[in-house]
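Bear in mind that the values here come from a model prediction, so they are computed numbers and not experimental data. Because only heavy atoms are used, hydrogens play no part in the values below, and waters and symmetry mates are left out as well, while side chains stay in.
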Amino acid sequence: MKIGVIGAGSWGTALANVVAANGHETTLWAYEPELVAGMSATRINHLFLPGIELHRGLQYTGSLSEAVQGAELVLLVTPTQVMRGVLASLQTEIDSSAVLASASKGIELGTLCTVSQICSQVLGEAAEQRFVALSGPTFAKEVALGLPSLIVAGSTNQVAAHTVQAAFSNPVFRVYTSDDAIGVELGGAVKNVIAIAAGISDGLGFGHNTRAALITRGLAEMKRLGRAMGAQDATFAGLAGMGDLVLTCTGDLSRNRTVGVKLGQGQTLEAIMAEMRMVAEGVKSAESVNALAQRLEVEMPITQKVYEILYGNKPARQAVLELMSRDLKPEQA
């Protein structure tokens, strides 16, 4: 296949490397001209995936048009908050029959749209019918190193889902399919918010009990939001739900957990973000997911407290006390 990958952060680069190694004609688009030049010269993404040599068949460009020209599959891996602008630039460039896949994880601020909904609004409703959400417990560095990893491709169009599955699957990268695209998208967005909460817990010096409780009740919040948006409960028990949630809440490579740890240790959000090169989607998603929960009248207390810590200057220990002091009730998913 001919594949265009839009976004050369660590995750976009790792995924482009997978399909290039699988023998597909793959072009990776990067926003930064110096990154395009550097990767073309050295086959290493020194900014976002240093020290890992990329497949020699992978091509690089700073032109969006060139990246998607003739592509049968276009993979979107830009931050969710800039996705609408990127898609607007691609509106007349993407082939009308191309499969659209997204590995971005977040909810757009203001509109509270998922990436599939943004695609529908910018590219037309037909685009959503060939949309695939790609998500699961996958750190970019480990994927790029060829460590065994599993992921799920969710779409209402099973032909599109199987196209993505076939393009990416190999002996160290296994892709499952799902017909629940919205569930896969929501799992990827909400888990980043819960990962910040888990990091805050660790930064405060709390133990394994607390982290396990946050993961479990975070999953309950994910399910409640999913039900309100028509997703399937089973999706959140799988790779895009529990799998990605556990990884992001416990792994040292998690950018969102790292933000939380530093918040729990007393650093300000401004200082933390100033020293981070890569995007921690959960920071913006805390605002958009919290707003979406309020719009849909879905109870998400952990998400709400993360939002209040990030944007309301609420002390982390006070947020914990408020969570622990909520009205007692039966355990519900």
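- Although no hydrogens or angles enter the test, the distance criterion places no donor-acceptor pair under 3.5 Å between the side chain of E128 and the main chain of Q117.
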- prompt: Could you walk me through whether T61 and E66 pass the side chain to side chain donor-acceptor pair (under 3.5 Å) check?
  reply: CA-CA 7 Å; T61 183; E66 183 180 338; 3.2 Å; yes
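- Between the side chain of R130 and the backbone N or O of A98, at least one donor-acceptor pair lies under 3.5 Å.
- Within the 3.5 Å criterion, the main-chain N or O of N290 finds no donor-acceptor partner in the side chain of Q304.
- From R227, atom CZ reaches atom CD of Q232 across 12.5 Å, with rounding to the nearest 0.5 Å.
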task: Let me see the working for V143 and W11 under side chain to side chain contact (heavy atoms under 4.5 Å, CB included), right down to the final yes or no.
output: CA-CA 9 Å; V143 170; W11 190 212; 3.9 Å; yes
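- Of all heavy-atom pairs spanning N256 and G282, the tightest one is OD1-N, 2.7 Å.
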field: Verdict with supporting geometry, Q59 and T27, side chain to side chain donor-acceptor pair (under 3.5 Å)
entry: CA-CA 5 Å; Q59 300 297 310; T27 302; over 6 Å; no
message: If you apply the rule side chain to side chain donor-acceptor pair (under 3.5 Å), what do you find for D95 with S97, and how did you get there?
response: CA-CA 5 Å; D95 190 283; S97 63; 2.6 Å; yes
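- Side-chain contact between V82 and P79: present, with at least one pair of heavy atoms (C-beta onward) separated by less than 4.5 Å.
- Looking only at distances, no side-chain donor or acceptor of E281 sits under 3.5 Å from a matching main-chain atom of S104.
- Distance CD/E185 to OG/S116: 3.5 Å, rounded to 0.5 Å.
- V190 and L219 end up in the same hydrophobic cluster when Ile, Leu, Val, Met, Phe, Trp and Tyr side chains are linked at under 4.5 Å.
- Going from atom CG of L64 over to atom CG of L90 covers 5.0 Å, rounded to the nearest 0.5 Å.
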message: The test is side chain to side chain contact (heavy atoms under 4.5 Å, CB included); show your working for S169 and R174 and say whether it passes.
response: CA-CA 5 Å; S169 294; R174 182 173 175 83; 5.8 Å; no
- request: For L123 and L100, run side chain to side chain contact (heavy atoms under 4.5 Å, CB included): C-alpha distance rounded to whole Å, both residues' side-chain angles, the deciding distance at 0.1 Å, then the answer.
  value: CA-CA 11 Å; L123 303 178; L100 294 169; 3.6 Å; yes
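- Expressed to the nearest 0.5 Å, how far NZ of K262 lies from CE of M273 amounts to 10.0 Å.
- Heavy-atom neighbours of K2 NZ from other residues, nucleotides or ligands within 6.0 Å: above the threshold of 12.
- At a threshold of 4.5 Å between side-chain heavy atoms, the hydrophobic network of Ile, Leu, Val, Met, Phe, Trp and Tyr places L247 and I151 in two separate groups.
- Between D244 and K191 there is a salt bridge, since a side-chain N of the basic residue sits under 4.0 Å from a carboxylate O of the acidic one.
- When the side chains of ILVMFWY residues are joined at heavy-atom separations under 4.5 Å, either directly or via intervening members, V68 and L73 end up in two distinct hydrophobic clusters.
- Between Y31 and W29, the ring planes are perpendicular. Angles over 60° get that label, and only those under 30° would be called parallel.
- With hydrogens and angles disregarded, a donor-acceptor distance shorter than 3.5 Å links the side chain of T13 to the backbone of A8.
- Taking all atoms of both residues into account, the shortest heavy-atom contact from N45 to G9 is ND2-O, 4.1 Å.
- Of the possible polar contacts, one joining the T268 side chain to the A271 backbone as a donor-acceptor pair under 3.5 Å is found.
- Looking only at distances, no side-chain donor or acceptor of E297 sits under 3.5 Å from a matching main-chain atom of Q294.
- Connection of V74 to I118 is established within a shared hydrophobic cluster, with ILVMFWY side chains joined at heavy-atom distances below 4.5 Å, either directly or through further cluster members.
- In this structure, a donor-acceptor pair under 3.5 Å is present between the side chains of T235 and D180.
- A salt bridge is defined here as a Lys NZ or Arg NE, NH1 or NH2 lying under 4.0 Å from an Asp or Glu carboxylate O, and E53 with R43 meets this definition.
- To the nearest 0.5 Å, atom CD1 of residue I196 and atom CZ of residue R257 are 12.5 Å apart.
- Judged purely by distance below 3.5 Å, without hydrogens or angles, the side chains of S120 and E125 never pair a donor atom with an acceptor atom.
- Salt-bridge formation is not detected for the pair E322/R317: no Lys NZ or Arg NE/NH1/NH2 atom is positioned less than 4.0 Å from an Asp or Glu carboxylate oxygen.
- Between I182 atom CD1 and T156 atom OG1 the span is 10.5 Å, to the nearest 0.5 Å.
- Side-chain atoms of M222 and L186, non-hydrogen and from C-beta on, never get closer than 4.5 Å to each other.
- For E299 and R326, the salt-bridge test passes: some basic side-chain N is under 4.0 Å from an acidic carboxylate O.
- Checking side-chain atoms of H24 against main-chain N and O of M1 turns up a donor-acceptor pair under 3.5 Å.
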task: Tell me, with the steps shown, if V99 and V132 meet side chain to side chain contact (heavy atoms under 4.5 Å, CB included).
output: CA-CA 8 Å; V99 172; V132 180; 4.0 Å; yes
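- K305 has a carboxylate O that lies under 4.0 Å from a charged side-chain N of E308, or vice versa, which qualifies the two as a salt bridge.
- Distance alone, capped at 3.5 Å, places no donor-acceptor pair between the Q129 side chain and the N157 backbone.
- Closest approach of E221 and I302 over heavy atoms only: OE2-N, 2.6 Å.
- Two residues are said to be in side-chain contact when any heavy atoms from C-beta on lie closer than 4.5 Å; V320 and F206 meet this criterion.
- When all heavy atoms of L214 and I194 are compared, the closest pair comes out as O-CG2, 3.7 Å.
- The number of heavy atoms from other shown groups lying within 6.0 Å of CD (E25) does not exceed 12.
- Among R211, Q265, H208, the single residue meeting the side-chain hydrogen bond (donor to acceptor under 3.5 Å, both in side chains) criterion with D202 is R211.
- Inter-residue side-chain proximity for I309 and Y307 is flagged as unmet; no heavy-atom pair is nearer than 4.5 Å.
- Judged purely by distance below 3.5 Å, without hydrogens or angles, the side chains of E108 and T111 pair a donor atom with an acceptor atom.
- The closest donor-acceptor contact from the side chain of S288 to the backbone of I107 lies under 3.5 Å.
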